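Read through the structure below, which is laid out as structure tokens, and then see the notes.
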Amino acid sequence: MKIIKVESYDQLSKTAAEMVIEKVRREPKTVLGLATGGTPVGLYKELVKDHQNGGTSYKEVSSFNLDEYVGLSGDDPNSYRYFMDEHLFNHVDISKENTHVPLGNTEDHQQHCQDYENLLKERGGVDLQILGIGPNGHIGFNEPGTSFQSETQVVELMDSTREANARFFNSIDEVPTHAISMGIATIMRSKEIILMVSGETKREALAQLLNGEVNENFPASILKNHPNVTVIADKDAVGE
Ligand code: F6R
């Protein structure tokens with residue numbers, strides 16, 4: 001893993017954006033793997049700004065998001081489809097039909113998971129995957145204990161994850177209990193990965209990632225076995 005330490009969240013967002021922009025300009029048909037949550041908001045702002053001022057085009061880019069809450073439809077403001085539209089897709093020239101976010105409200109979640117995994121494989125897999133990390137080491141919504149062999153599946157969210165994400169909802173009772181998430185094996189098939197780590201609440205997770213061993217109880221640890229991972233961490237996450 002390559003580690004880039006930066007001063008601030010702003011720098012973290014700009015550094016990740018530069019890497020994405022460079023990739024899209026070099027390979028216009030890039031398949032991006034995208035994350036939601038608080039961490040990538042600044043990255044998406046930078047991509048939008050660059051699209052508007054620098055002209056980087058996403059016309060031929062396609063994207064696959066990591067996860068979606070079970071039970072939420074794409075027009076629910078708390079859904080990850082809505083998040084992606086609001087923060088990125090509505091503001092760049094990507095075709096909506098090339099953007100993929102798991103559907104949280106299908107009749108048959110298992111079937112949908114398989115279809116999502118198959119579609120991603122058909123499209124040649126993710127070229128560049130953006131990841132955040134949970135305080136418990138989750139990547140996607142793969143909570144501690146998830147098999148490293150897992151593919152896209154329905155997962156149960158830990159109470160601590162629901163508590164951490166309650167900040168986006170009116171109350172914790174509204175946070176869904178389950179999600180659809182790309183699996184660890186799915187994520188590991190990405191050709192290149194950027195892991196963004198920001199803030200004091202991620203300090204322990206970052207230390208565990210850098211110093212701990214590869215273990216299913218700390219899902220992000222598997223990234224150490226990937227040949228092309230860049231971890232970008234801000235000062236608050238790195239600590240003294
Ligand atoms: C989001 C995702 C999660 C988040 C993680 C950190 O699509 O897959 O793994 O990256 O929960 O969330 P934030 O950035 O809100 O701290």
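If you're wondering where the values come from, they're calculated on a predicted model, not measured in any experiment. All ligand and atom numbering here is 1-based and tracks the order in the structure.
- Distances from atom 12 (O) of ligand 1 to the heavy atoms of Glu68, Lys202, Met182 show the closest one on Lys202.
- When all heavy atoms are compared, the tightest approach of Ala35 to Leu66 is CB-CD1, 3.7 Å.
- Close approach of ligand 1 to Gly37 is summarised as follows: ligand atoms under 4.0 Å from at least one heavy atom of the residue are 14 (O), 15 (O).
- Side chains of Asn228 and Lys2: a donor-acceptor N/O pair is absent below 3.5 angstrom, by distance only.
- In terms of protein heavy-atom proximity, atom 5 (C) of ligand 1 is nearest to His138 NE2, 3.4 Å.
- At a heavy-atom distance under 4.0 Å, no atom of Glu143 approaches ligand 1.
- Using a 4.0 angstrom heavy-atom cutoff, Met84 does not count as in contact with ligand 1.
- No hydrogens or angles considered: nothing links the side chains of Thr30 and Asp127 as a donor-acceptor pair under 3.5 Å.
- Distances shorter than 4.0 angstrom do not occur between any heavy atom of Met196 and any atom of ligand 1.
- Between Glu22 and Arg25 no salt bridge is recorded (no basic side-chain N to carboxylate O distance below 4.0 Å).
- No side-chain donor from either of Asn118 and Gln114 sits under 3.5 Å from a side-chain acceptor of the other.
- Residue contacts with ligand 1, taken as heavy atom pairs separated by less than 4.0 Å, do not involve Thr161 at all.
- Looking from atom 6 (C) of ligand 1 to the surrounding protein, the closest heavy atom is Ile133 O, 3.4 Å.
- Atoms of ligand 1 lying under 4.0 Å from at least one heavy atom of Gly140, given by number and element, are 2 (C), 3 (C), 8 (O), 9 (O).
- Nearest protein neighbour of atom 2 (C) of ligand 1, counting heavy atoms only, is Asp67 OD2, 3.3 Å.
- The closest side-chain donor-acceptor pair between Ser73 and Asp75 falls under 3.5 angstrom.
- Using cut-offs of 30° and 60° on the angle between ring planes, the pair His112 and Tyr116 is tilted.
- Thr39 OG1, 2.4 Å is the protein heavy atom nearest to atom 14 (O) of ligand 1.
- Those atoms of ligand 1 that come under 4.0 Å of a heavy atom in Leu66, given as number and element, are 8 (O).
- With Pro40, Ala164, Gly199, Gly132 as candidates, the residue nearest to atom 10 (O) of ligand 1 on a non-hydrogen basis is Gly132.
- Of the protein's non-hydrogen atoms, Thr36 OG1, 3.3 Å is the one closest to atom 1 (C) of ligand 1.
- Surrounding CD of Glu27 are more than 12 heavy atoms belonging to other residues, nucleotides or ligands, all under 6.0 Å away.
- Within ligand 1, counting atoms from 1 as listed, the ones closer than 4.0 Å to a heavy atom of Gly38 are 13 (P), 14 (O), 15 (O).
- For Thr186 and Glu117, the side-chain atoms include at least one donor-acceptor pair closer than 3.5 Å.
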After noting the C-alpha distance and the side-chain angles of Tyr69 and Phe141, does the key distance pass the ring pair (Phe, Tyr, Trp, His ring centres under 6.0 Å) rule? CA-CA 10 Å; Tyr69 288 117; Phe141 270 140; 5.8 Å; yes
